[in-house]
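Ligands are counted one by one from 1 in listed order, and the atoms in each one are counted from 1 as well.
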Amino acid sequence: WNYHVTHFVTSAPDIRHLPADVGIEVAFAGRSNAGKSSALNTLTNQKSLARTSKTPGRTQLINLFQVAEGIRLVDLPGYGYAEVPEEMKRKWQRALGEYLQKRECLKGLVVLMDIRHPLKDLDQQMIEWAVQSQIPVLVLLTKADKLASGARKSQLNMVREASLAFMGDVQVELFSSLKKIGVDKLRLKLDSWFSA
Ligand code: GDP
């Protein structure tokens, strides 16, 4: 697929407001500041996509982008904001869990984690939900350019090792929007999910 022609379709406050559950969706999830917007920008070669998601008031929404008819990328709300009230966090979590467990057209999940702070509680929760729902997961260790190659490799190996515990289809790769690391692997994975 040509991800460069991706365009914004709509935002939804929760899964009940998403468009019809048809076609194929791949969702992007991560703690806020993990580099999700940058990754979507890099993949699609567009600055306007991330701006859409970062528009104040839209950050807590599910944002949907269309690659082609029936082929969608879904930008899930960033989680882990310290300043957000507990009640609101629970609400988000419930919405994320609901989406991962109930959305029929969801065929893959990309979880983005800062390579220096991987596998936080909610990251693990997201992967667990996906594995439970038999949805394959691609973990991207973002901002890989921030580490020297030795540290980068050992962090990759550590997360790969830890991911075996999920007992599911979980692939872990390095990623950098800045240095364009891992972009081809992301594209290949999306292609495979969108063609299944
Ligand atoms: P989001 O909140 O997950 O959407 O994260 P953003 O994409 O907005 O990125 C958060 C911060 O990390 C920004 O200051 C980005 O410039 C920075 N960042 C994102 N990707 C990279 C990367 O590949 N390398 C480096 N060095 N910084 C990055």
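- Here Gln171 pairs with Glu173, Lys189 under the side-chain hydrogen bond (donor to acceptor under 3.5 Å, both in side chains) rule; sequence neighbours left out.
- Between Gln125 and Tyr79 the shortest side-chain heavy-atom distance does not fall below 4.5 Å.
- Of all atoms in ligand 1, listed by their number and element, those nearer than 4.0 Å to a heavy atom of Leu178 are 22 (C), 23 (O), 24 (N), 26 (N).
- When the options Gln93, Arg103, Arg16 are evaluated for a side chain to side chain donor-acceptor pair (under 3.5 Å) with Glu98, the one that passes is Arg16.
- Contact atoms of ligand 1 toward Ser176: 23 (O) (distance under 4.0 Å to a heavy atom of the residue).
- Ligand 1 has no atom lying under 4.0 Å from any heavy atom of Gly78.
- At a 4.0 Å heavy-atom cut-off, ligand 1 touches Asp145 through the side chain alone.
- Using a distance-only test at 3.5 Å, with no hydrogens or angles considered, a donor-acceptor pair links the side chain of Gln46 to the main chain of His4.
- Trp193 has its side chain out of reach of Leu106: every pair of non-hydrogen atoms, C-beta onward, lies at least 4.5 Å apart.
- In Lys179, neither the side chain nor the backbone holds a heavy atom less than 4.0 Å from any atom of ligand 1.
- Pairs of residues two or more places apart, or lying in two chains, that qualify as salt bridge (charged side-chain N to carboxylate O under 4.0 Å, His left out) and include a residue from residues 130-157 are Asp114-Lys143.
- Near Lys146, the atoms of ligand 1 lying under 4.0 angstrom from a non-hydrogen atom of the residue are 26 (N).
- For ligand 1, the atoms lying closer than 4.0 Å to a non-hydrogen atom of Ser38 are 6 (P), 7 (O), 9 (O), 19 (C), 20 (N).
- Below 3.5 Å of separation, one finds an N or O of Ala34 facing an N or O of ligand 1.
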